[in-house]
Student: 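So that we are looking at the same thing, I have put the structure below in C-alpha cells.
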There are 2 protein chains.
Amino acid sequence: MNIGDVATASGLPAKTIRYYEDIALVTPKREANGYRVFSENDLHKLRFLARARALGFAIEDCRTLLALYEDKGRSSAEVKELSRKHLDDIDQKIAQLQSMRNTLSHLVEACAGDHRPDCPILNDLGQ
Amino acid sequence: MNIGDVATASGLPAKTIRYYEDIALVTPKREANGYRVFSENDLHKLRFLARARALGFAIEDCRTLLALYEDKGRSSAEVKELSRKHLDDIDQKIAQLQSMRNTLSHLVEACAGDHRPDCPILNDLGQ
DNA sequence: CTTGACCTTCCAGTGACTGGAAGGCCCATG
DNA sequence: CATGGGCCTTCCAGTCACTGGAAGGTCAAG
C-alpha cells in the first residue's frame, strides 16, 4: 500500500503519516522509486494511533501504548495507570473550560449587544 | 514601574509581558538605561489582558477587545458577537473532551490493572 | 507525448509562550 | 573601591503536533 491508501484506510492525513514516520512511530519500507510501502501491520499501527490520538493521548503516550500493545507480556496495570492520569488531565481541562464558560455566559447574557457602547463584558475585563 | 512590578501587580510573568510588547499589545516607554517603564495605563491593559486570557480568548481577540475597550464609541454588539463565538468554541471543546472522557472512563473501569497482560484499553485501541 | 494524480523532500509557520545564555545596571555591604 | 546579589536587557531555541507550500520525480491512461 502507498501512503494515500493507508491515509484513506486510517483516516489520517498523508502529511501526518509522514510525520509519524519522522518521529519513528511507524517504519514503512521503501520501493525502488522511493515510495513508502505500508504493510497490514503498519496500517494496524496507524489505526491504533488514530484512535489513541482521538482519545487525546499525547504522542509520547501513544508511543508507550503502542509498545505495550506489542509487548504480549505487559501488565495491564501500566496501561491503566497511564490512562487514569490522562483521564485526570481531561477532567482538569473540562473543569477549567466549565469555569470559563460560567463566567463568560453570564457576561454574554448581561450584554445588550446593541449599538450603545455600554458593555458589561468589557466592564468586567477592565476591573 | 519596572517590569517586575507590573508582573507582580498583573500576575503575568515578566517573560509574557515582554512578549506582549513584542506583538505590540502594550508599548511601555524606556528609561535612559534601557529598562521598560510602565504607566498605570499600561498596568491596566495588562490586567485586562490577563483576565481576557483567563477567559480563554485568543491573543488576537484580546487585541480586538482591548481596542474596543479603548474606543468609547464602540457598540456592545461587536463585543457580544465575539464573546458568543468564543463561548461556542468553548462549548465545542467541552463536548469533545466529554466524549473522550466517556469512552476512556469506561475503558479504565473495565481494565483490571493488575500484573496480567489482558487489557480492554489496548484491545479497544487495537480495533 | 502529454496530462493529471500520485509520490518525494525540505523549509517555514502555527499559538502563546518558556527556558536559558550572555551580559548590563544598581544598590548595599565590607 | 570591589564585590555580590538581584534586578534588567536581548537573542536564540524549544515546545506540541502537525500543516501548508514549493519544487520536483513517477506512473498509468489516452
Student: Considering heavy-atom distances to DNA chain D, does B:Gly4 or B:Lys15 have its closest nucleotide positioned more toward the 5' end?
Tutor: B:Gly4

Student: CZ of B:Phe38 versus C1' of D:dT9: gap in Å, rounded?
Tutor: 12 Å

Student: Between C1' on C:dC10 and CG on A:Asp22, what's the gap in Å once rounded to a whole number?
Tutor: 10 Å

Student: Answer whether the closest heavy-atom distance between the side chains of B:Lys45 and B:Asn41 falls below 4.5 Å.
Tutor: yes

Student: Is B:Thr16 near enough to C:dA16 that one of its side-chain N or O atoms lies under 4.0 angstrom from OP1 or OP2?
Tutor: no

Student: Atom CG of A:Leu49 to atom P of D:dC16: distance rounded to whole Å?
Tutor: 17 Å

Student: Quick one: B:Glu21 CD to C:dC17 P, roughly how many Å, whole number?
Tutor: 15 Å

Student: Given 3.5 Å as the limit, does a donor-acceptor pair link the side chain of A:Ser10 with the main chain of A:Arg47, or not?
Tutor: no

Student: Between A:Arg18 and D:dC18, is there a side-chain N or O to OP1/OP2 distance below 4.0 Å?
Tutor: no

Student: Check the distance between D:dA17's C1' and A:Arg53's CZ and give it to me in whole angstrom.
Tutor: 6 Å

Student: Examine the side chains of B:Ser39 and B:Asp42 and answer whether a donor and an acceptor come within less than 3.5 Å of each other.
Tutor: yes

Student: Once you round it to whole Å, what is the distance between P of D:dT9 and CG of B:Asn2?
Tutor: 7 Å

Student: Quick one: do B:Glu81 and B:Arg74 make a salt bridge, cutoff under 4.0 Å?
Tutor: no

Student: When you get a sec, tell me which of C:dT9, D:dT9, D:dT26 is the closest nucleotide to the side chain of B:Arg36?
Tutor: D:dT9

Student: May I ask you to evaluate whether B:Tyr19 reaches the phosphate of C:dG15, defined as a side-chain N or O under 4.0 Å from OP1 or OP2?
Tutor: no

Student: On the nucleotide D:dT10, are OP1 or OP2 found under 4.0 Å from the side-chain N or O atoms that B:Arg30 carries?
Tutor: yes

Student: Side chain of B:Ile59: nearest nucleotide among C:dA16, C:dT9, C:dC25?
Tutor: C:dA16

Student: OP1 or OP2 of C:dC26 versus the side-chain N and O atoms of B:Asn33: is any pair under 4.0 Å?
Tutor: yes

Student: Counting heavy atoms not belonging to A:Glu78, are there more than 12 under 6.0 Å from its CD?
Tutor: no

Student: To the nearest Å, give me how far apart CD (A:Glu31) and P (C:dT9) are.
Tutor: 13 Å

Student: Take the protein atom CD1 of B:Ile17 and the nucleotide atom C1' of D:dC7, then report the distance between them rounded to whole Å.
Tutor: 14 Å

Student: From the list C:dA16, D:dA17, D:dT9, which nucleotide is the closest neighbour of the side chain of A:Ala58?
Tutor: D:dA17

Student: From the list C:dC7, D:dT9, D:dC18, which nucleotide is the closest neighbour of the side chain of A:Tyr20?
Tutor: D:dC18

Student: Using a heavy-atom cut-off of under 4.0 Å over every strand shown, decide if A:Ile3 touches base, sugar-phosphate, or nothing.
Tutor: sugar-phosphate

